[in-house]
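Atom set for the values below is all heavy atoms of this structure, side chains included, hydrogens, waters and symmetry mates excluded. Here the structure is a predicted model, which means the values were calculated and not measured.
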Amino acid sequence: MKVAFHTLGCKVNSYESQAMLNMFEESGYEEVDFKEVADVYVVNTCTVTNTGDSKSRQMIRKAIRKNPQATVCVVGCYSQVAPQDIEAIEGVSIILGTQFRNEIVDLVEKYQQTHERIVKVSEVKQLRKFEDLNIDRFLHTRAYLKIQDGCNNFCTYCIIPYARGRVRSRKPESVIKQAKELVAKGYVEIVLTGIHTAGYGEDLENYSFYDLLVDLTKIKGLKRLRISSIETSQITDDIIDLISKSKIIVDHLHVPLQAGCDETLKRMNRKYNCEQYYEKLSKIRRLIPDIVFTTDVIVGFPGESEEEFEKTYEFIKKVGYTQLHVFPYSMRKGTPAARMVQVDEKIKHERVNRLIALSHELNENYAKSQIGKTLRVLFEKEDHGYYVGHGDNYLLIKVQSDEQLIGQLKNVIIDSYDEMLIGRVV
């Protein structure tokens, strides 16, 4: 039996698809490309934007056309918030939301016996328990570990709390057990991930995200720990102190900004202003001088004037990130922002290009400042005669070596820069 996956959206979706694929493989299925004829197709959907909905429907119909006799499973955020849209597509076999994915193989077998459509979509607002989905192998040398699901923030542009529900944390013992298993399989870096990663522990008694970080740093054999994303409000003094003293937690934090203008942030229903955000990052830098920050920015949010955009642009320069993830605002039906005055697409496109250019400039300037320094690099792949990997600061670095370096953590002296840092192992 052959199974094919198509995953839309975020890294959490990718994580969950890999976990479901593992279940199929353990049951004897062989993975094939989504373009090939398969017995089972799984479309893991995204609903962050209206475009995500459209692409999800497109991939569902593509699977049905490829093999009308196949079992077509639709899972994820879009099927959670709009299962009726999926039910309207003839040829869909199984519809799951953002729960019950650990039952997917059993549900496929049940459908193949009865040929009766299965719909399992629970009310996420009522969910209080984290659904464990384990992965023990990844394409790269770093492993991702999902520790929580859901979000309590309700930003005006975001549908995710309605698709994923409120924050639900994985049990600490389950996280630690999975981390130890990943280390035993040879992974030297673990990236903690989730829908609102550092919201971990908000629903637990007497156990916080800080407590989890402490416990993870004690795992024998784990050499590098990275937090996929963390809000400034979640960076406590204890966490700052821990990062400053730990040799395992990297000196890199991805801290979402979304906008560097108080008026825009207020319309977004973000829980901070620019002064609070900047002061927190400044405090961290005082205690951890080598720390680097990357961020997310939404461009062209409804009502964003040229003056507001300029404030964001200047604020980004003031903070001095090493990289920006730039997203043009995309309307999502059902969110408060969809009812606001929209920014012209041409203006939005121009602003996106300006911030992408700024990101390249910031990244190159920071990279060049690393020449002559020694960085710790985890090598992940071989490319055109070079071994390539990420430093603790998340910069890409390449070296030439007669030694096999993939999966190894090495100290590298940085010699030069040519679109990427170039160094030598010491």
Side-chain angles (χ1 to χ4, degrees), residues 8-11 46-56 58 153-160 228-229 231-232 253-278 281 292-369 394-396 417-420:
L8 298 107
C10 63
K11 286 182 179 178
C46 175
T47 193
V48 168
T49 65
N50 292 345
T51 304
D53 291 355
S54 177
K55 286 183 178 178
S56 296
Q58 181 183 343
N153 278 2
F154 293 91
C155 300
T156 57
Y157 52 81
C158 188
I159 198 74
I160 293 304
S228 62
S229 182
E231 300 280 350
T232 50
L253 292 175
H254 186 81
V255 191
L257 173 66
Q258 309 306 5
C261 168
D262 288 345
E263 293 85 352
T264 317
L265 289 171
K266 189 172 182 180
R267 290 198 304 279
M268 289 178 167
N269 194 34
R270 300 292 286 172
K271 306 298 194 294
Y272 52 84
N273 59 37
C274 292
E275 182 181 354
Q276 292 166 337
Y277 183 99
Y278 186 78
L281 267 57
V292 295
F293 299 109
T294 55
T295 196
D296 298 326
V297 187
I298 296 174
V299 179
F301 186 77
E304 183 187 68
S305 64
E306 187 62 32
E307 181 185 1
E308 288 186 5
F309 173 74
E310 287 296 337
K311 285 182 180 179
T312 290
Y313 188 91
E314 293 302 321
F315 185 79
I316 288 168
K317 289 204 297 184
K318 178 182 175 183
V319 171
Y321 302 98
T322 58
Q323 188 178 6
L324 312 176
H325 295 174
V326 183
F327 303 93
Y329 170 76
S330 184
M331 187 192 300
R332 179 56 180 88
K333 184 181 176 183
T335 60
R339 300 189 295 272
M340 299 178 185
V341 177
Q342 303 298 307
V343 174
D344 180 81
E345 288 298 318
K346 184 180 178 182
I347 294 173
K348 196 186 297 182
H349 183 69
E350 290 170 351
R351 291 175 183 172
V352 165
N353 287 339
R354 284 188 64 190
L355 280 191
I356 290 175
L358 177 59
S359 179
H360 290 324
E361 179 186 332
L362 292 169
N363 188 257
E364 182 174 338
N365 290 343
Y366 176 72
K368 288 179 177 177
S369 75
Y394 208 59
L395 286 179
L396 274 174
Y417 176 85
D418 183 10
E419 297 185 350
M420 187 187 300

Worksheet, complete the sentence: Between Pro328 and Val352, the two heavy atoms sitting closest are CB-CG2, 3.7 Å
Discussion item. Do the side chains of Glu345 and Lys348 get close enough for a salt bridge, i.e. N-O under 4.0 angstrom?
Written reply: yes
Response to the item:
So CZ of Arg351 and CG of Asp344: to nearest 0.5 Å the spacing works out to 9.5 Å
Worksheet item: When rounded to the nearest 0.5 angstrom, what is the spacing between OG1 in Thr49 and OH in Tyr329?
Response: 10.0 Å
Worksheet item: Taking the side chain as C-beta and beyond, is there a heavy-atom pair between Pro256 and Glu231 under 4.5 Å?
Response: yes
Worksheet, complete the sentence: Here the pair of heavy atoms bringing Gly303 nearest to Glu308 is O-OE1, 3.7 Å
Item to complete: With the side chain counted from C-beta on, respond yes when Phe309 and Leu355 share a heavy-atom pair under 4.5 Å apart, and no when they do not.
Response: yes
Item to complete: Check Thr295 against Leu257 and note the closest heavy-atom contact, atom names and distance.
Response: OG1-N, 2.8 Å
Worksheet item: Distance-only, no hydrogens or angles: does the Lys55 side chain make a donor-acceptor pair with backbone N or O of Asp53 under 3.5 Å?
Response: no
Item to complete: Would you indicate whether the side-chain heavy atoms of Leu265 and Cys274 approach each other to under 4.5 Å?
Response: yes
Discussion item. Donor-acceptor pair, distance only, cut-off 3.5 Å: does the side chain of Asp296 make one with the backbone of Phe327?
Written reply: no
Worksheet item: Where is the tightest heavy-atom contact between Asn273 and Gln276, given as atom of each residue plus distance?
Response: OD1-N, 2.8 Å
Fill in: Audit row: His254, Tyr321, side-chain contact (heavy atoms from CB on, under 4.5 Å) steps and yes/no
CA-CA 10 Å; His254 186 81; Tyr321 302 98; over 6 Å; no
Worksheet, complete the sentence: Sorted by chain and residue number, the ring-ring contact (aromatic ring centres under 6.0 Å, His included) partners of Tyr366 (sequence neighbours excluded) come out as none
Worksheet item: Roughly how far, to the nearest 0.5 Å, is the OG1 atom of Thr264 from the CZ atom of Arg267?
Response: 5.0 Å
Fill in: Leu8 versus Ser56, closest heavy-atom pair with distance
CD1-OG, 3.9 Å
Item to complete: To the nearest 0.5 Å, tell me how far Glu304 CD sits from Glu310 CD.
Response: 10.0 Å
Worksheet item: Rounded to the nearest 0.5 Å, what separation is found between the CG atom of Leu324 and the OG1 atom of Thr294?
Response: 9.0 Å
Worksheet entry | Reported CG-to-CD distance for the pair Asn363 and Gln323, which is rounded to 0.5 angstrom | 5.5 Å
Discussion item. Below 30° counts as parallel, above 60° as perpendicular, anything between as tilted: where do the rings of Tyr277 and Tyr272 land?
Written reply: tilted
Item to complete: Would you please name every residue forming a salt bridge (charged side-chain N to carboxylate O under 4.0 Å, His left out) with Lys11, sequence neighbours left out?
Response: none
Discussion item. Whether Arg354 and Glu306 form a salt bridge (side-chain N of Lys/Arg under 4.0 Å from carboxylate O of Asp/Glu) is what I want to check.
Written reply: yes
Discussion item. Any non-hydrogen side-chain atom of Tyr157 less than 4.5 Å from a side-chain atom of Met268?
Written reply: yes
Discussion item. Determine whether a donor-acceptor pair (N or O, by modelled atom type, separation under 3.5 Å) exists between the side chain of Lys333 and the backbone of Asn50.
Written reply: no
Worksheet item: Can you name the residues that form a ring-ring contact (aromatic ring centres under 6.0 Å, His included) with Tyr313, not counting sequence neighbours?
Response: none
Worksheet item: Taking C-beta and beyond as the side chain, do Cys261 and Phe315 meet within less than 4.5 Å on heavy atoms?
Response: no
Discussion item. Within the 4.5 Å heavy-atom criterion, are Thr156 and Thr335 side-chain neighbours or not?
Written reply: no
Fill in: Side chain to side chain, Ile316 and Leu362, heavy atoms closer than 4.5 Å
yes
Worksheet item: Salt bridge check: are Glu361 and Lys317 linked by an N-O gap of less than 4.0 Å?
Response: no
Worksheet item: Would Glu419 and Glu364 satisfy side-chain contact (heavy atoms from CB on, under 4.5 Å), going step by step from the backbone distance to the final call?
Response: CA-CA 8 Å; Glu419 297 185 350; Glu364 182 174 338; over 6 Å; no
Worksheet item: Does Arg332 reach the side chain of Thr47, with side-chain heavy atoms less than 4.5 Å apart?
Response: yes
Worksheet item: Do NZ/NE/NH1/NH2 and the carboxylate oxygens of Glu314 and Lys318 come within less than 4.0 Å?
Response: no
